[in-house]
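One structure below.
Letters A, B, ... are given to chains in the order of the sequence lines, protein chains preceding strands, and every chain is numbered from 1. Computed from heavy atoms alone, side chains included, the values below leave out hydrogens, waters and symmetry copies.
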Protein chains: 2
Amino acid sequence: MVTRSGRTQQARQVRQAARKDPPHLTPELIHSTALAMVDADGIEGLSMRKLAAALGVNPMSLYHHVPNKAALLLGISQLAVADLRITPADDDTPWPEQLRQIGHSFRALAHQHSNLIVYLLGHPGFIQREGPLWGALCHTLWRAGLPDAEVGRIGNVLLTFVSGFVLAEINGSLGDLLDSADAAEIDRSFEAGVDILVAGLGARGASPAN
Amino acid sequence: MVTRSGRTQQARQVRQAARKDPPHLTPELIHSTALAMVDADGIEGLSMRKLAAALGVNPMSLYHHVPNKAALLLGISQLAVADLRITPADDDTPWPEQLRQIGHSFRALAHQHSNLIVYLLGHPGFIQREGPLWGALCHTLWRAGLPDAEVGRIGNVLLTFVSGFVLAEINGSLGDLLDSADAAEIDRSFEAGVDILVAGLGARGASPAN
DNA sequence: ACCTGAACACCGTTCAAGT
DNA sequence: ACCTGAACACCGTTCAAGT
């Protein structure tokens, strides 16, 4: 909801900026505009000066609302993960299927803000303990029957594993290694990866039932 | 051997630079000095101007031996992977053990040039088909009895999976998610991850024998 | 052939001055 | 309180001029 109003506000005020009508600067407006720039032109395409220009404002005005560029990047990453609505764990479905769904949700989010994700995975603090993704993952692993001590450890491993796949997929490494940049083949590879993880978990002591 | 002579040459000539004795510029000297800078200060710590200063030379002189910074980064990444000596596959050891060894070799390499790895994984073209790592990996998967069509696909998946783990480990994400930044716990996590992959491969049709 | 100084088009950020 | 212009310390890169 906060995000939603922020977006419509942005649209209005960016229009104002276009007609040289100085907008009310707001951290939220700054962050959402910056995120739009990163989505469009990549992380390299974002600079304080270009952002100010897009907002129709003096570059230095930004520093009254955002302490520095690092804080700006942190802000837009929080805005991006706020877009993530993980499908709440439906405990009627067996855990392997739950795990697959979480994997696909994560991959879908990454594709949504692919330019940002490449940056985030290269820097610490992206995957937070508090996020809905982490909670859903741990819940599913616990439901699979993993001992408590293993839930956190295995959760981390799974998260970093699929992060690596998604990163390689987005930056093109995966396409380079496969003969073709065939999207279907990449999907098949991801499916194979998830299969291996689920099967490996089963072999590790997870209960095969629900 | 080429690398070796380059390193000693570097040492001598960097010493010359320190006493303002202009060295003979060489692509090799430039690359190895740049790699040393990245290893020491991170990718942000490398600039054409600082590199020139370290070499005791005018910044513009570099452009007679290296077309631009992108080419420089490509050069130092090739230099880094040249350091990787993957233990040649000993076909007496069973494939799960072979796979574990490859995983540990890759992780060790990443730790050796951790600052560079963070950059490389974020950009395409790092993991090449030609590298010894890829060859060893495919050989092992083939020996495990995977159908030919699956070897490449699964090889990619495994490589991106452990890349993701190593990346999170190096940039500190992994330590943040675990309660402690305990090194032993991270090692245990990696072992758990490799276990899951090996078990998953077994379940997928790999022969349990050698 | 190799090196260099000046210059250009960019950065992030500080600070004193304006309203 | 908010905005701004000038300035500082950096970038990568081009180009004409030196040897």
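Mapped onto DNA chain C by nearest heavy atom, A:P67 and A:K50 fall at different nucleotides, with A:K50 at the one closer to the 5' end. When the nearest nucleotides of DNA chain D are assigned to A:P59 and A:R49 by heavy-atom distance, the more 5′-ward of the two goes with A:P59.
The CG atom of B:L62 sits 18 Å away from the P atom of D:dC15 (whole-angstrom rounding). The CD1-P distance, from B:I30 to C:dC2, rounds to 11 Å in whole Å. For the pair B:L25 CG and C:dT4 C1', the interatomic distance rounds to 12 Å; values are reported in whole Å. Spacing between atom CG of A:L29 and atom P of D:dC3 amounts to 11 Å, rounded to whole angstrom units. Atom pair B:Y63:OH and D:dA16:P shows a separation of 17 Å (rounding to whole Å applied). Put simply, CG on B:L55 is 11 Å from P on C:dC3, counting in whole angstrom units. In this structure, CG of A:N68 is placed 11 Å from P of C:dG12, rounded to the nearest angstrom. Summarising the geometry, the separation between CG on B:L46 and P on D:dC10 is reported as 16 Å, rounded to the nearest angstrom.
Pair assignment for D:dC10 gives none, since no Watson-Crick or G-U wobble pairing has each distance under 3.5 Å. In this structure, C:dT4 forms a base pair with D:dA16, meeting either the Watson-Crick or the G-U wobble geometry with both donor-acceptor distances under 3.5 Å.
Side-chain contact check for A:N171 versus B:H123: every heavy-atom pair is 4.5 Å or farther apart. Within the 4.5 Å cutoff, side-chain heavy atoms of A:L55 are placed close to those of A:L62. Using a 4.5 Å cut-off on side-chain heavy atoms (C-beta onward), B:L72 and B:L46 make contact.
Rounding to the nearest 0.5 Å gives a distance of 9.0 Å between OG of A:S189 and CD of B:E150.
Phosphate contact (OP1/OP2 of C:dA1, side-chain N/O of B:H65, threshold under 4.0 Å): absent. Contact annotation: B:N58 side-chain N/O to C:dG5 OP1/OP2 distance is under 4.0 Å. For C:dC2, neither phosphate oxygen OP1 nor OP2 lies less than 4.0 angstrom from any side-chain nitrogen or oxygen of B:S61.
With distances taken from any side-chain atom of B:M60 to the nucleotides C:dT14, C:dG5, D:dG12, the minimum falls on C:dG5.
Residue B:M48 is classed as a sugar-phosphate contact, given heavy-atom separations below 4.0 Å to backbone atoms only.
In terms of polar N and O atoms assigned as donor or acceptor, the side chain of B:H64 never comes within less than 3.5 Å of the base of C:dC2 in a complementary pairing.
Residues A:Q98 and A:H139 have side chains that never bring a donor and an acceptor to within less than 3.5 angstrom of each other.
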